[in-house]
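Working notes, beginning with the structure itself.
One-based numbering along the sequence shown.
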Amino acid sequence: MIKRSGCTCLVLLALAVSAHAQGTESSSWGVVGSFVPSWEIPSSLEPVATLHFSEDDAAIKDLDLRGKEFRIGIVRGRMQSGDWGVSFVRRTFVDRHIEGYRSPGCQGGGGAGGVVLQCEERWTNLDRRGVMLNGVEVHKFIAFATISRLVQIGLNVGGGIASAQGQIDSTSFRSSYRCTFPPGVLPNFGSQGDPNAPPCLMATISNQSTVQTGATSDDVSRMLKSESSKWLPLGKVEIAAGVLVGPRVKLRVAGGLNYPGTNAVSVTGMFFFGGN
């Protein structure tokens with residue numbers, strides 16, 4: 001019983017010394033910079049992306065919303081514990097050529113030689129150029145554990161707002177063609193086989209012509225859910241591990257939710273000027 005009480009006292013004493021050491025460490029101001037080599041919107045978060053990005057021209061998966069991110073700002077915290085900061089954020093989107101929806105319309109009928117349809121379809125292709133989000137984000141790193149006073153394990157959370165900018169070029173086309181089906185083969189209008197298959201599946205296509213019907217250059221609002229506002233929310237919840245590489249320098253690697261997408265890894269560096 002005495003040994004157990006003695007061990008308990010030693011543990012409490014060690015915790016008290018550790019808490020005192022962290023409590024006496026003063027907070028410092030510093031600078032912080034982060035780089036995300038690749039962020040993306042996975043299929044599991046596509047329903048969330050529809051809250052902000054329009055699917056009028058293409059589905060979220062076809063928009064290929066991914067890119068890189070860079071942050072730089074000020075930070076305040078302690079080397080042996082957590083920190084918080086405010087950063088300027090630039091999140092870029094990869095340039096992308098996007099094939100638009102095609103909705104063919106056909107008319108015609110059957111005869112002795114089989115079914116013959118005259119079809120026409122229209123679509124618009126998009127070219128996304130220089131699209132990015134510029135904004136401000138506040139972060140808070142909460143350290144759960146410190147190993148050998150050098151490695152920190154914790155949670156990095158943040159939130160902010162950003163404005164979208166960039167260019168969306170659109171080019172419209174119209175195509176007409178004739179579909180001749182062999183005897184016994186019927187067009188597919190969603191009632192048989194694959195409902196997503198084109199109506200002229202298994203038909204001979206002839207007299208096909210395609211013409212460009214228009215071209216415009218729009219700003220980024222075309223790809224947003226609300227064209228009246230280019231402001232989008234930012235947010236993150238990341239599992240993070242940091243290491244103290246010098247008296248005033250921290251490096252941190254994290255990964256997790258980077259709203260409205262995710263990132264596998266982000267790398268953050270901090271330099272503290274000194275305590276006060």
Side-chain angles (χ1 to χ4, degrees), residues 31-75 85-101 123-140 156-173 212 214-238 254-269:
V31 293
V32 59
S34 300
F35 177 65
V36 177
S38 177
W39 71 268
E40 64 177 358
I41 295 182
S43 57
S44 59
L45 290 181
E46 286 178 3
V48 177
T50 60
L51 299 176
H52 310 290
F53 298 99
S54 171
E55 290 188 292
D56 291 344
D57 296 302
I60 292 295
K61 64 178 181 178
D62 296 324
L63 290 176
D64 192 21
L65 300 173
R66 58 187 175 89
K68 300 179 181 180
E69 185 174 305
F70 173 75
R71 299 187 292 269
I72 187 168
I74 59 173
V75 63
V86 181
S87 298
F88 166 79
V89 180
R90 170 163 289 180
R91 182 179 300 180
T92 63
F93 294 71
V94 295
D95 292 347
R96 183 78 160 87
H97 175 75
I98 303 164
E99 296 284 344
Y101 289 125
W123 73 94
T124 300
N125 293 339
L126 303 180
D127 288 284
R128 186 174 68 217
R129 298 183 294 110
V131 173
M132 66 182 68
L133 300 177
N134 291 321
V136 176
E137 185 178 72
V138 179
H139 86 269
K140 172 70 174 178
N156 188 48
V157 297
I161 192 169
S163 175
Q165 64 181 61
Q167 204 70 23
I168 307 292
D169 297 328
S170 59
T171 308
S172 301
F173 298 92
Q212 180 177 318
T216 60
S217 184
D218 302 316
D219 63 17
V220 71
S221 60
R222 174 158 186 155
M223 66 178 284
L224 300 179
K225 191 78 171 183
S226 174
E227 295 188 6
S228 61
S229 175
K230 300 178 184 179
W231 293 95
L232 280 77
L234 301 175
K236 63 169 48 65
V237 180
E238 301 175 306
L257 177 68
N258 192 0
Y259 188 87
T262 63
N263 57 259
V265 63
S266 66
V267 181
T268 300

Item to check | Flag side-chain contact, heavy atom, 4.5 Å: Leu45 against Leu257 | outcome: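 Sidechains of Leu257 and Leu45: in contact.
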Checklist entry - So do Asp64 and Ile98 actually touch side chain to side chain, heavy atoms under 4.5 Å? => result no
What distance separates [X] [atom1] from [Y] [atom2], expressed to the nearest 0.5 Å?
X      : Y      : atom1 : atom2 : answer
Thr171 : Asp127 : OG1   : CG    : 6.0 Å
Leu63  : Thr50  : CG    : OG1   : 11.0 Å
Ser34  : Lys236 : OG    : NZ    : 7.5 Å
Asp169 : Thr216 : CG    : OG1   : 7.5 Å
Phe35  : Arg71  : CZ    : CZ    : 11.0 Å
Met223 : Ser54  : CE    : OG    : 9.0 Å

Within the side chain of [X], is there an N or O that forms a donor-acceptor pair under 3.5 Å with the backbone of [Y]?
X      : Y      : result
Arg96  : Arg66  : no
Arg129 : Gly166 : no
Thr92  : Lys68  : yes

Checklist entry - Side chains of Asn263 and Glu69: is there a donor and an acceptor less than 3.5 Å apart? => result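 There is no such pair (donor and acceptor under 3.5 Å, judged by atom type) between the side chains of Asn263 and Glu69.
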Checklist entry - Any luck finding a side-chain donor-acceptor pair between Ser217 and Gln167 under 3.5 Å? => result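 On atom types as modelled, these side chains qualify, holding a pair under 3.5 Å.
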Checklist entry - Partners of Phe173 by ring pair (Phe, Tyr, Trp, His ring centres under 6.0 Å), sequence neighbours excluded? => result Trp123
Nearest non-hydrogen partners of [X] and [Y], listed with the distance:
X      : Y      : value
Val36  : Val265 : CG1-O, 3.8 Å
Gly235 : Glu137 : N-OE2, 4.2 Å
His139 : Asn156 : CD2-OD1, 3.5 Å
Leu224 : Ser229 : CD1-O, 3.8 Å
Pro260 : Ile41  : O-CG1, 3.8 Å
Gly67  : Val94  : CA-CG1, 4.1 Å

Checklist outcome for this item: Contacts satisfying salt bridge (Lys or Arg N to Asp or Glu O under 4.0 Å) that involve residues 46-62 (not counting sequence neighbours) are Asp57-Arg222
Item to check | Audit row: Asn125, His97, side chain to side chain contact (heavy atoms under 4.5 Å, CB included) steps and yes/no | outcome: CA-CA 7 Å; Asn125 293 339; His97 175 75; 3.9 Å; yes
Item to check | Selection residues 39-69 - residue pairs positive for ring pair (Phe, Tyr, Trp, His ring centres under 6.0 Å), sequence neighbours left out | outcome: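 Qualifying pairs, neighbours excluded: Trp39-Phe93, His52-Tyr259.
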Checklist entry - Between Val131 and Ile168, is a side chain to side chain contact (heavy atoms under 4.5 Å, CB included) present by the stated rule, with each step listed? => result CA-CA 8 Å; Val131 173; Ile168 307 292; 4.1 Å; yes
Next on the checklist: What verdict does the side chain to side chain contact (heavy atoms under 4.5 Å, CB included) test give for Leu133 and Val89, after you've listed the backbone C-alpha separation in whole Å, the side-chain angles of each residue and the deciding distance to 0.1 Å?
Outcome noted: CA-CA 8 Å; Leu133 300 177; Val89 180; over 6 Å; no
